[in-house]
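Below you'll find the structure, written out as structure tokens, and then a few comments.
A, B, ... follow the sequence lines: proteins, then strands. Residue 1 opens every chain.
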Amino acid sequence: MREKELRRSMSVFPIGTVMKLTDLTARQIRYYEEQELIHPERSDGNRRMYSLNDIDTLLEIKDYLSDGLNMAGIKRVYEMKVAKEKEAKNKPPLTDEDVRRIFYDELLAQGGLNQQQPYQQKGPRM
DNA sequence: GTTCTTACA
DNA sequence: TGTAAGTA
């Protein structure tokens, strides 16, 4: 069933489509590429072509943003996800999603990566 | 008409 | 981030 992964990685959407699907501006989408969070391919006339995976990542980024994480924090989330994926190949059977969630919560709890608005603890810790 | 790069607010 | 300018 690797066929699906292959298709998800095919870059076929122009930035206009991605904008509608993610509600992000072209500015933001290009900026996130600059931050190496997504890697759209270039096609005819130097136009960026995005894959389903890119759109997925973009939607995740939007979630993180709405929870108060800044670029630095988001980049760290992805860095740690990558680092943990390697480590997880030999250890606990945590899913990709679990790992991301764990570190995401850790980051917010630490509240050490918000240069602008500090993270607010959502509920009381009884 | 859409997207790209560059650059300034 | 938004937006304007000049292109491809």
Under a 3.5 Å cut-off for both distances, is B:dT2 Watson-Crick or wobble paired, and to whom?
-> C:dA8
Nearest-Å distance for atom pair [atom1]/[atom2], residues [X] and [N]:
X: A:Arg30; N: B:dT3; atom1: CZ; atom2: P; result: 8 Å
X: A:Ile15; N: B:dG1; atom1: CD1; atom2: C1'; result: 15 Å
X: A:Met19; N: B:dG1; atom1: CE; atom2: P; result: 16 Å
X: A:Glu33; N: B:dT3; atom1: CD; atom2: P; result: 14 Å
X: A:Asn70; N: C:dT1; atom1: CG; atom2: P; result: 10 Å
X: A:Glu34; N: B:dA7; atom1: CD; atom2: C1'; result: 13 Å
X: A:Tyr31; N: B:dC4; atom1: OH; atom2: C1'; result: 19 Å
X: A:Ile29; N: C:dT1; atom1: CD1; atom2: P; result: 11 Å

Donor-acceptor side-chain pairing of A:Ser51 and A:Asp54 below 3.5 angstrom =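 Checked: A:Ser51/A:Asp54 side chains pair up, N/O donor to acceptor below 3.5 Å.
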C:dT1, B:dT5, C:dA8: which one has an atom nearest the side-chain heavy atoms of A:Asn46?
->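 Of the candidates, B:dT5 comes closest.
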Which nucleotide in B:dT3, C:dG2, B:dC4 has an atom nearest any side-chain atom of A:Pro14 = B:dT3
With no angle test and no hydrogens, is the base of C:dT3 tied to the side chain of A:Arg27 by a donor-acceptor pair under 3.5 Å?
-> yes
Could you tell me whether the side chain of A:Arg48 has a donor or acceptor atom within less than 3.5 Å of a complementary atom in the base of B:dT3?
-> no
Within the structure shown, what part of the strands sits under 4.0 Å from A:Gly16 by heavy-atom distance: base, sugar-phosphate, or nothing?
->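 Counting heavy atoms under 4.0 Å across all strands, the contact made by A:Gly16 is with sugar-phosphate only.
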Main-chain N/O of A:Arg2 paired with A:Glu5 side-chain donor or acceptor, under 3.5 Å | no
Could you tell me whether the side chain of A:Lys75 and the main chain of A:Leu37 form a donor-acceptor pair under 3.5 Å?
->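 Not at all, since once roles are kept as given, no pair shorter than 3.5 Å links the two residues.
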Think A:Tyr50 has a side-chain N or O under 4.0 angstrom from the OP1 or OP2 of B:dT3?
-> no
Heavy atoms only: give me the nearest A:Tyr50-A:Pro14 pair and the separation to one decimal.
->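 Result for this residue pair: CD1-C, 4.3 Å.
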Are A:Glu34 and A:Arg30 ion-paired here, with the side-chain N under 4.0 Å from a carboxylate O?
-> no
Tell me which of A:Arg47 and A:Leu65 sits closer to the 5' end of DNA chain C, going by the nucleotide each one is nearest to.
->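 Here A:Leu65 is the residue nearer the 5' end.
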